[in-house]
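Report on the following structure.
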Number of protein chains: 2
Amino acid sequence: MAISESLVKKQLVRFQDELFDRGLRLTKQRESIFCMVLRSGDHLSAEDLHRKVRDENRSIGFATVYRTLRLLVDVNLVEVRQFGDGVQRYESAAGDHHDHMVCLDCRKVFEFENDEIERLQHQVAEGQGFEIARHRLDLYVRCRRANCPNIRKPL
Amino acid sequence: MAISESLVKKQLVRFQDELFDRGLRLTKQRESIFCMVLRSGDHLSAEDLHRKVRDENRSIGFATVYRTLRLLVDVNLVEVRQFGDGVQRYESAAGDHHDHMVCLDCRKVFEFENDEIERLQHQVAEGQGFEIARHRLDLYVRCRRANCPNIRKPL
DNA sequence: TTACATGCAAACTCTTTGCATATTA
DNA sequence: TAATATGCAAAGAGTTTGCATGTAA
């Protein structure tokens with residue numbers, strides 16, 4: 001989901017605070033990477049992010065991208081997704097919880113929320129004496145629409 | 001889920017048929033690997049399977065395990081699972097559809113079915129003009145029970 | 001005897017780590 | 001200046017592929 005510029009600023013402040021608490025620093029690279037995640041509003045892989053961030057900062061390395069993403073995940077500002085193609089994708093943790101619908105043809109990712117499904121999940125888990133820490137619900141669909149480019153190899 | 005011996009036989013026949021249709025052969029290695037998936041009733045990684053199958057056939061190689069699993073997945077006799085630890089796990093496709101509950105402490109995998117959740121998923125997808133090809137619902141839980149060994153590193 | 005299957009090792013993809021250098025408080 | 005951060009390249013983990021050899025119809 002896309003994010004407002006004021007929320008971008010808020011998130012950056014939170015990142016800075018988390019870093020400060022750990023004796024770490026908000027560098028240009030870290031800011032650039034986190035901003036890219038926030039502004040894109042998409043589900044980007046480390047490679048996607050590296051490519052995009054290099055447009056701003058020519059010499060940024062893969063290792064920095066991965067290290068920054070791990071840092072962001074550790075402080076709960078970013079969440080990791082995996083849609084079954086062996087690549088991790090990253091998304092801002094700001095905003096409401098949602099699940100994902102992935103088009104097997106064009107690989108576009110749509111988000112959705114359904115409180116009733118959430119409620120039933122908790123009911124199922126509690127019925128067996130468990131407490132849900134987190135969950136993942138991915139619907140793999142075929143959009144069958146004219147605007148589906150269907151250009152990438154199917155999942 | 002564990003599987004009856006009669007179903008194991010039935011599944012092997014289906015495998016043989018699929019192989020025959022493609023001009024391929026049911027070898028000792030392929031039989032051994034598929035039987036292990038069927039009988040274990042667990043969610044095993046390629047490494048798990050390789051280790052177990054080597055007890056029967058000392059010289060079996062990793063490549064054969066991977067190649068056989070891909071073959072089985074291609075003919076819809078086996079399904080792939082990924083619970084977020086970067087390892088693919090394999091499970092017989094025989095038996096009813098079910099979702100998974102994974103304990104973050106002991107990594108034990110429990111299966112469950114909930115028709116109402118399934119129904120709502122289809123409702124969500126159709127509401128947006130999509131048709132579900134498949135889906136994945138994983139609940140990550142903490143069992144908090146005395147019998148949870150909690151010995152492996154958490155996911 | 002011809003095609004398919006295997007085992008081994010090498011290659012591959014994605015991600016992490018080691019290390020010397022650069023940067024920041 | 002002392003600690004953290006970076007970029008590069010090398011290492012890792014999991015999986016796939018190339019190739020010579022083995023095996024089955």
Side-chain angles (χ1 to χ4, degrees), chain A residues 15-34 36-37 43-51 53-54 56-75 78-90 107 152-153 155, chain B residues 15-34 36-37 43-51 53-54 56-75 78-90 107 152-153 155:
Chain A
F15 189 21
Q16 193 156 32
D17 289 348
E18 295 286 357
L19 290 166
F20 185 80
D21 289 350
R22 291 166 174 73
L24 308 177
R25 296 156 191 166
L26 181 58
T27 61
K28 283 190 188 2
Q29 289 90 333
R30 285 176 179 166
E31 183 170 338
S32 179
I33 292 161
F34 189 27
M36 195 57 76
V37 174
H43 303 77
L44 302 176
S45 66
E47 192 185 346
D48 293 335
L49 284 163
H50 182 242
R51 195 177 339 97
V53 162
R54 273 169 70 96
E56 300 180 348
N57 183 340
R58 204 92 276 281
S59 78
I60 200 163
F62 252 106
T64 301
V65 173
Y66 276 107
R67 280 190 281 235
T68 300
L69 287 169
R70 184 160 36 150
L71 193 52
L72 284 162
V73 171
D74 287 347
V75 302
V78 162
E79 289 175 358
V80 189
R81 308 281 173 215
Q82 288 172 117
F83 298 126
D85 61 353
V87 183
Q88 309 210 155
R89 291 169 192 285
Y90 300 85
R107 292 200 180 184
R152 303 196 232 175
K153 75 170 186 203
L155 284 171
Chain B
F15 189 21
Q16 194 156 32
D17 289 347
E18 296 285 358
L19 290 167
F20 185 80
D21 289 349
R22 291 166 174 73
L24 308 178
R25 295 156 190 165
L26 181 58
T27 60
K28 284 190 188 2
Q29 290 91 332
R30 286 176 177 166
E31 182 169 340
S32 180
I33 291 161
F34 188 27
M36 195 57 76
V37 173
H43 304 75
L44 302 176
S45 66
E47 193 185 347
D48 293 336
L49 284 163
H50 182 241
R51 196 177 337 100
V53 162
R54 273 170 70 95
E56 299 180 351
N57 183 340
R58 204 90 281 278
S59 77
I60 200 165
F62 252 106
T64 301
V65 174
Y66 278 107
R67 280 190 280 234
T68 301
L69 288 169
R70 186 161 33 152
L71 194 51
L72 285 162
V73 171
D74 287 348
V75 302
V78 162
E79 290 174 357
V80 189
R81 307 283 173 215
Q82 288 174 116
F83 298 127
D85 60 353
V87 183
Q88 309 208 155
R89 291 168 192 287
Y90 301 86
R107 292 199 179 185
R152 303 195 233 175
K153 75 170 186 199
L155 284 173

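Residue numbering restarts at 1 for every chain, and letters A, B, ... go by the order of the sequence lines. All values below were derived from every heavy atom in this structure, side-chain atoms included, with hydrogens, water molecules and symmetry-related copies excluded.
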Near B/Phe20 CZ, under 6.0 Å, is it more than 12 heavy atoms from other residues, nucleotides or ligands? no

By nearest atom, which of the nucleotides D/dA5, C/dC4, C/dT16 is closest to the B/Leu24 side chain? C/dC4

If only side-chain N and O atoms of B/Gln29 are considered, is one of them under 4.0 Å from the OP1 or OP2 phosphate oxygen of D/dT23? no

B/Arg67 has a side chain; which of D/dT16, D/dC19, D/dC8 sits nearest to it? D/dC19

Taking atom P of C/dT6 as reference, at what distance in whole Å does atom CG of B/Leu71 sit? 9 Å

Starting at CZ of B/Phe15 and ending at C1' of C/dA5, how long is that distance when rounded to a whole Å? 12 Å

Quick one: closest heavy-atom pair of B/Ile33 and B/Val65, and the distance? CD1-CA, 3.7 Å

Starting from P on D/dA5, measure out to CZ on A/Arg25 and report it in whole angstrom. 6 Å

Whole angstroms only, please: what is the CG-P distance between A/Leu69 and C/dT16? 9 Å

Nucleotide of C/dT15, C/dA3, C/dC14 approaching A/Glu47 most closely (side-chain heavy atoms): C/dC14

Most 5' of B/Arg70 and B/Val87 on DNA chain D, judged by nearest nucleotide: B/Val87

Calculate the interatomic distance between B/Leu44 atom CG and D/dT15 atom P; express it in whole Å. 13 Å

Interatomic distance where CG belongs to A/Asp21 and P belongs to C/dA25 [whole Å]: 16 Å

Among the nucleotides C/dC8, C/dA5, D/dT15, whichever has the atom closest to the side chain of B/Thr27 is C/dA5

Salt-bridge present (B/Arg81, B/Glu79; N to O < 4.0 Å): yes

So which one's nearest nucleotide on DNA chain C is more toward 5', B/Gly23 or B/Arg54? B/Gly23

If I take atom CZ from residue B/Arg22 and atom CG from residue B/Leu71, how far apart are they, to the nearest 0.5 angstrom? 7.5 Å

Rounding to a whole Å, what distance do you find between A/Asp85:CG and D/dT15:C1'? 14 Å

Nearest heavy atom decides the nucleotide; on that basis, is B/Leu26 or A/Ser59 closer to the 5' end of DNA chain D? A/Ser59

How many whole angstroms separate atom OH of B/Tyr66 from atom P of C/dA11? 19 Å

Flag for A/Thr64-A/Gln29: side-chain donor and acceptor within less than 3.5 Å: no

